[in-house]
Peer 1: 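Quick one: the structure is below, and I'll ask about it shortly.
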Amino acid sequence: MSEPSSSKLNEVSPDALERAILVSIKTPSQTQAEVEESIEELARLSSTAGAMVVDKIIQPKSSPDPKFFIGKGKVEEIKATITSGGVNLVIFDEELSATQQHNLQKELGIKVLDRTALILDIFAQHAHSHEGKLQVEMAQLTYLLPRLKGRGTEMSRLGGGIGTRGPGETKLEVDRRRIRKRIKTLSDRLEQLGVNRSIQRKKRKKSRVPVVSIVGYTNAGKSTLLNTLTGARARVEDKLFSTLDSSVKRLNRGQKGTVLFSDTVGFINKLPHQLIASFKSTLEEIKESDLLLHIVDATNADLGNYLRAVEEVLTEIGAINKKTVLVFNKIDLLDRVALARLKEKYPEAVFISAQEGTGIDNLTTMIEKVLEEERVFLRLRIPFGEGDVLATLHDKGYVVKEVYGPEGIDVLAEVPEPIAGSFQKYSTWPFSETYSNLKM
Ligand SMILES: Nc1nc2c(ncn2[C@@H]2O[C@H](COP(=O)(O)OP(=O)(O)OP(=O)(O)O)[C@@H](O)[C@H]2O)c(=O)[nH]1
Ligand SMILES: [Mg+2]
């Protein structure tokens, strides 16, 4: 049960590459460039997973066909290419329904995958830590469960490998039950690991060491930046999803104390929901950090699209309102004009080359500035009946001192600046003064 839908690509040697056709539709609401860029990315995902792309097909279509996703005529066309091109894999750029995948596989006689299955496969190959492996397995099983239908009959014809392993139809119910049980086990284990993580986080919070999370699209240069900032030696590769396990590195700033930098899994357009759910505790680290560095590969053609994709995931994990510094990376690859244009369009951003060290001083200064801004000390008196306010302070900030008096609880707390205003009514000295950095 540990290898639910895939891992064949793990075993593919360079001379036995799977030969793939990539397929997408272009709906009226999408631009041609958008669809082309997406299928190019699918090609990069395919080669990261170990498949060789033989052809790419885009069909203009008002909406996906419920039976085959693409039109029946296109299915016939693909069938012909399969025979002539020695193709043994078709990958769709959008998530297919169980029925579509089943119909396509039946009609084409070869393996049919979608973007989600492909990403899950890459994650399966790149997961190294115990937790990472559990997270990926859970995501794969969640993806597999609604797609078990009909697998039994297809099995023998499709010749094994990704997405084809599975039980015979008669065993299906038994298997569904087994999968559900396994998902439950995985979810319990992950929850336990999540608890451990949150204990670690609380400890960190208590020691008041600020945490800066490096987030961004996959391959933007997050790990490179972590290495440049902290002298770490995280894995850097021109591949998608090199980093799955988040790593936290300490930077000693002398008198200013330490800062922790956290590098984590990259995001992508149409990031499978199963992965977001499974990587919940990893992604929670982002939500809990003091500052986000949103790293963008400045050489990307359609920057807006990349920014949006990251913002969507940040929204989904509840981290969109975090204090964020936008960082354009790889400026060594830009000419002067392109760089100037970018600076004009994003005046608030920082421009760096993580690889060459350009702009890192600017970035560090910016980080210092923001971290300083973050700290706001409040002196509050909280009435006894409002325990939830104290709980919020503990949760979102750091309670320096807490004294129970006759009229309520006197609290000295440090909170993130953006939420300071919500405690104004409990303030026990003129509120404006609380904004200066008061120490005990
Ligand atoms: N030219 C140039 N290349 C860079 C720069 N920063 C990173 N790269 C390259 O970009 C590729 C991706 O870098 P990583 O640091 O692995 O990117 P990442 O965001 O951690 O990627 P994932 O972990 O896969 O999501 C590597 O080939 C790096 O060498 C830069 O400033 N300039
Ligand atoms: Mg990385």
Side-chain angles (χ1 to χ4, degrees), residues 40-50 115 118-129 131-132 135-136 139 212-249 261-272 275-276 279 282-283 285-286 292-301 303 305-307 309-314 317 324-336 338-339 342-343 349-364:
E40 276 315 315
E41 183 171 83
L42 190 71
R44 292 201 64 199
L45 287 166
S46 305
S47 57
T48 297
R115 181 182 256 258
L118 186 61
I119 293 176
L120 288 173
D121 194 82
I122 295 171
F123 270 65
Q125 291 185 51
H126 292 182
H128 299 294
S129 74
E131 185 176 19
Q135 286 169 324
V136 174
V212 179
S213 283
I214 305 175
V215 300
Y217 212 80
T218 181
N219 212 46
K222 300 178 296 297
S223 302
T224 309
L225 179 62
L226 177 82
N227 293 349
T228 305
L229 284 170
T230 68
R233 292 172 62 188
R235 182 198 298 256
V236 165
E237 281 177 310
D238 194 13
K239 273 190 180 175
L240 306 182
F241 301 114
S242 297
T243 309
L244 288 196
D245 304 315
S246 50
S247 62
V248 178
K249 300 287 173 217
F261 284 96
S262 155
D263 174 27
T264 186
V265 57
F267 304 158
I268 196 165
N269 255 319
K270 309 170 203 165
L271 185 66
L275 281 174
I276 298 182
F279 277 70
T282 307
L283 296 171
E285 304 263 295
I286 296 175
L292 306 186
L293 301 182
H294 176 172
I295 314 302
V296 190
D297 181 341
T299 65
N300 285 330
L303 278 172
N305 185 24
Y306 287 84
L307 291 170
V310 171
E311 282 164 10
E312 270 170 23
V313 182
L314 289 177
I317 63 172
T324 304
V325 175
L326 189 59
V327 183
F328 285 97
N329 186 31
K330 310 195 186 179
I331 59 164
D332 54 297
L333 299 175
L334 291 186
D335 62 38
R336 263 169 198 240
L339 181 59
L342 211 55
K343 284 185 173 172
V350 181
F351 297 82
I352 65 162
S353 165
Q355 192 168 277
E356 305 198 340
T358 325
I360 298 298
D361 286 348
N362 273 347
L363 178 60
T364 327

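Ligands are counted one by one from 1 in listed order, and the atoms in each one are counted from 1 as well. Since the structure is predicted, the reported quantities are computational estimates derived from the model, not experimental observations.
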Peer 1: With the side chain counted from C-beta on, respond yes when Leu45 and Ile119 share a heavy-atom pair under 4.5 Å apart, and no when they do not.
Peer 2: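 Sidechains of Ile119 and Leu45: in contact.
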
Peer 1: Could you tell me if the side chain of Phe328 sits less than 4.5 Å from the side chain of Leu303, heavy atoms only?
Peer 2: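 Of all side-chain heavy-atom pairs linking Phe328 with Leu303, at least one is under 4.5 Å.
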
Peer 1: Taking only heavy atoms of Lys239, which atoms of ligand 1 are found under 4.0 Å from at least one of them?
Peer 2: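 Answer for ligand 1: 24 (O).
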
Peer 1: Which protein non-hydrogen atom lies closest to atom 3 (N) of ligand 1, naming both residue and atom, and how far is it?
Peer 2: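 Ranked first by proximity to atom 3 (N) of ligand 1 is Gln355 OE1, 3.2 Å.
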
Peer 1: Of all the atoms in ligand 1, which lie at a distance below 4.0 Å from a heavy atom belonging to Thr218?
Peer 2: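 Taking each heavy atom of Thr218 in turn, ligand 1 has 22 (P), 24 (O), 25 (O) under 4.0 Å.
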
Peer 1: Can you figure out which of Asn329, Leu333, Thr243 has its heavy atom closest to atom 6 (N) of ligand 1?
Peer 2: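 The residue whose heavy atom sits nearest atom 6 (N) of ligand 1 is Asn329.
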
Peer 1: To the nearest 10 degrees, how large is the angle at the Mg ion (ligand 2) between Thr243 OG1 and Ser223 OG?
Peer 2: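 Seen from the Mg ion (ligand 2), OG1 and OG are separated by roughly 90°.
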
Peer 1: If I take atom CG from residue Asn269 and atom CG from residue Leu42, how far apart are they, to the nearest 0.5 angstrom?
Peer 2: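 Rounded to the nearest 0.5 Å, the CG-CG separation comes out at 11.5 Å.
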
Peer 1: If the cut-off is 2.8 Å, does any N/O/S atom of Thr218 fall short of it from the Mg ion (ligand 2)?
Peer 2: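 It does not: Thr218 brings no N, O or S atom closer than 2.8 Å to the Mg ion (ligand 2).
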
Peer 1: Suppose I only count heavy atoms of Phe241 and a 4.0 Å limit; which atoms of ligand 1 are within that range?
Peer 2: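 Listed by number with element, the hits are 24 (O).
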
Peer 1: Atom 18 (P) of ligand 1: which protein heavy atom is closest, and how many Å away?
Peer 2: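 Here the nearest protein heavy atom works out to Lys222 N, 3.4 Å.
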
Peer 1: Any idea which protein heavy atom is nearest atom 24 (O) of ligand 1, and the distance to it?
Peer 2: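 Closest protein heavy atom to atom 24 (O) of ligand 1: Ser242 N, 2.7 Å.
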
Peer 1: Among Ser223, Ser353, Gly221, Gly357, which residue places a heavy atom closest to atom 20 (O) of ligand 1?
Peer 2: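 Shortest heavy-atom distance from atom 20 (O) of ligand 1: Ser223.
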
Peer 1: Regarding Thr224, does it place an N, O or S atom less than 2.8 Å from the Mg ion (ligand 2)?
Peer 2: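 It does not; every qualifying atom lies at 2.8 Å or beyond.
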
Peer 1: Among Asp332, Ile122, Thr224, whose heavy atom sits nearest atom 7 (C) of ligand 1?
Peer 2: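 Result: the heavy atom closest to atom 7 (C) of ligand 1 is in Thr224.
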
Peer 1: Identify the protein heavy atom lying closest to atom 10 (O) of ligand 1, giving its residue, its atom name and the separation to 0.1 Å.
Peer 2: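 So the nearest neighbour among protein heavy atoms is Lys330 NZ, 3.0 Å.
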
Peer 1: Decide whether an N or O pair under 3.5 Å exists between Ala354 and ligand 1.
Peer 2: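 N/O-N/O distance under 3.5 Å: yes.
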
Peer 1: Under 3.5 Å between any N/O of Leu240 and any N/O of ligand 1: does that happen in this structure?
Peer 2: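 For ligand 1, there is no N or O atom that lies under 3.5 Å from one belonging to Leu240.
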
Peer 1: Using the side chain to side chain contact (heavy atoms under 4.5 Å, CB included) criterion, which residues pair with Ser47? Sequence neighbours excluded.
Peer 2: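 Expected list: none.
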
Peer 1: Salt bridge (charged side-chain N to carboxylate O under 4.0 Å, His left out) with Asp361: which residues, sequence neighbours excluded?
Peer 2: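 By the salt bridge (charged side-chain N to carboxylate O under 4.0 Å, His left out) rule, Asp361 matches no residue at all.
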
Peer 1: Which residue owns the protein heavy atom closest to atom 28 (C) of ligand 1, what's the atom, and how far is it?
Peer 2: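 The answer is Val236 CG1, 3.5 Å.
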
Peer 1: How long is the span from the CG atom in Leu334 to the CG atom in Leu342, to the nearest 0.5 Å?
Peer 2: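 Leu334 CG to Leu342 CG: 6.5 Å, rounded to 0.5 Å.
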
Peer 1: Are the aromatic rings of Phe123 and Phe279 close, with centres under 6.0 Å apart?
Peer 2: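 That pair passes the under 6.0 Å test.
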
Peer 1: Would you mind reporting whether Gln355 and Asn329 have side-chain heavy atoms less than 4.5 Å apart?
Peer 2: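 Side chain of Asn329 against side chain of Gln355, heavy atoms only: no contact under 4.5 Å found.
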
Peer 1: Do Gln135 and Thr282 have side-chain atoms, one donor and one acceptor, less than 3.5 Å apart?
Peer 2: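 Thr282 and Gln135 do have a side-chain donor-acceptor pair below 3.5 Å.
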
Peer 1: With rounding to the nearest 0.5 Å, note down the distance linking OG in Ser262 to CG in Leu226.
Peer 2: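 Going from OG on Ser262 over to CG on Leu226, the span is 8.0 Å.
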
Peer 1: Report the nearest protein non-hydrogen atom to atom 12 (C) of ligand 1: residue, atom name, distance rounded to 0.1 Å.
Peer 2: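 Here the nearest protein heavy atom works out to Asn219 OD1, 3.0 Å.
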
Peer 1: How far is atom 16 (O) of ligand 1 from its nearest protein heavy atom, and which residue and atom is that?
Peer 2: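 Its nearest protein heavy-atom neighbour is Glu237 N, 3.2 Å.
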
Peer 1: Can Arg115 and Ile268 be said to form a side-chain contact (heavy atoms from CB on, under 4.5 Å), step by step?
Peer 2: CA-CA 11 Å; Arg115 181 182 256 258; Ile268 196 165; 4.1 Å; yes

Peer 1: Would you say Asp263 and ligand 1 have an N/O pair spaced under 3.5 Å apart?
Peer 2: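 Not met; the criterion fails.
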
Peer 1: Please confirm whether Tyr217 and Tyr306 have ring centers closer than 6.0 angstrom.
Peer 2: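 That pair passes the under 6.0 Å test.
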
Peer 1: Side chain, backbone, both or neither: which applies to Glu356 and ligand 1 if a contact is any heavy-atom pair less than 4.0 Å apart?
Peer 2: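 Under 4.0 Å from ligand 1, Glu356 contributes no heavy atoms.
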
Peer 1: Looking only at distances, please establish whether an N/O atom of ligand 1 is found under 3.5 Å from an N/O atom of Ile352.
Peer 2: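 Not met; the criterion fails.
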
Peer 1: Could you pull out the closest heavy-atom pair between Ser223 and Ala234, with the gap in Å?
Peer 2: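 The answer is CB-CB, 4.1 Å.
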
